[in-house]
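Just so it is clear, the model here is predicted, and its values are computed rather than measured.
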Amino acid sequence: MEKFKVPVAVVVLIARNVGGINQILLQRRQNTGFGDGMWDFACSGHVEEGESLTAACSRECCEELGISADAQDFEFFTLFYKRDGQVTYVNPYFVLQKFMGEPHICEPHKCAELEWFCADNLPEDLLPDRKAAYNALMQGLPYVEYTT
């Protein structure tokens, strides 16, 4: 095992309130080798060397959804230490409610659909770790150890 090689990937839950109904933006994954065909939070990605977590969030939102947001608009809500088989990840999760532009699919080779869902009625085929992260948000849990 190589030391000091645990990847960090930020995950952004994009939320809005329309007519008093809380909504979450989800994407259906495709051609990624991870969770293809399932719903996922609309934005996630690896943190590049020397990049802050919120800078990674902002970059990924622009690359994947064509939206922009200021670093201070990303609200941290939980940290996942995730072991998925032989792979270990550290995933800081953020909520974004204030952004500029209209989210749209910028990487059609990785994303089959983009849809707003009522926060109280998320799809059954949402990635299990994203369900766990959403539950952590609802319960106010700042740290989760997640193993598949």
Would you indicate whether the side-chain heavy atoms of Phe99 and Asp73 approach each other to under 4.5 Å? no
With rounding to the nearest 0.5 Å, note down the distance linking CG in Asp36 to NZ in Lys110. 11.0 Å
Between Val90 and Val87, is there shared hydrophobic-cluster membership here, with clusters defined by ILVMFWY side-chain heavy atoms closer than 4.5 Å? no
Hey, does the side chain of Gln30 reach the backbone of Pro108 with a donor-acceptor pair shorter than 3.5 angstrom? yes
Search all heavy atoms of Pro128 against all heavy atoms of Met38 and return the closest pair with its distance. CD-CE, 4.1 Å
Determine, stepwise, if the pair Asp125 / Arg28 fulfils salt bridge (Lys or Arg N to Asp or Glu O under 4.0 Å). CA-CA 10 Å; Asp125 59 345; Arg28 188 175 298 277; 3.0 Å; yes
Of all pairs that satisfy side-chain hydrogen bond (donor to acceptor under 3.5 Å, both in side chains), the ones with a partner from residues 15-24, not counting sequence neighbours: Arg16-Gln23, Asn17-Asn22
For Ala42 and Glu64, work out which heavy atoms get closest and say how close. O-OE1, 3.5 Å
Is Phe94 reachable from Ile24 through a run of hydrophobic residues whose side-chain heavy atoms are each under 4.5 Å from the next? no
Taking the side chain as C-beta and beyond, is there a heavy-atom pair between Arg130 and Leu122 under 4.5 Å? no
Parallel, tilted or perpendicular, as decided by the 30° and 60° cut-offs, for the rings of His46 and Tyr89: tilted
Is the shortest side-chain heavy-atom distance between Glu115 and Trp39 below 4.5 Å? yes
With respect to Lys82, which candidate in Thr148, Asn91, Asp129 satisfies the side-chain hydrogen bond (donor to acceptor under 3.5 Å, both in side chains) definition? Asp129
Test item: Ile14 and Ile67 side chains (from C-beta on) under 4.5 Å apart, heavy atoms: yes
To the nearest 0.5 Å, what is the distance between CG on Leu79 and CG on Leu141? 12.0 Å
Side-chain contact test, heavy atoms from C-beta onward, threshold under 4.5 Å: evaluate it for Leu96 versus Cys57 and give yes or no. no
Tell me if the CD atom of Gln72 is crowded by more than 12 foreign heavy atoms within 6.0 Å. yes
Answer yes if Tyr146 and Phe77 sit in the same cluster of Ile, Leu, Val, Met, Phe, Trp and Tyr residues linked by side chain heavy atoms under 4.5 Å apart, and no otherwise. yes
Side-chain donor/acceptor of Tyr134 to backbone N/O of Ala119, under 3.5 Å: yes
Over 60° means perpendicular and under 30° means parallel, so tell me whether Tyr93 and Phe80 are parallel, tilted or perpendicular. tilted
Counting heavy atoms not belonging to Lys98, are there more than 12 under 6.0 Å from its NZ? no
Should Gln27 and Leu114 count as side-chain neighbours, where that means a heavy-atom distance under 4.5 Å? yes
When rounded to the nearest 0.5 Å, the distance separating CG of Asn135 from OG1 of Thr78 is 11.0 Å
With sequence neighbours excluded, tell me which residues meet side-chain hydrogen bond (donor to acceptor under 3.5 Å, both in side chains) with Thr147. none
Establish whether Val10 and Leu137 are linked, either directly or via other cluster members, by ILVMFWY side-chain heavy-atom contacts under 4.5 Å. no
For Tyr81, enumerate each residue passing the ring pair (Phe, Tyr, Trp, His ring centres under 6.0 Å) test, keeping only those at least two apart in sequence or located in another chain. none
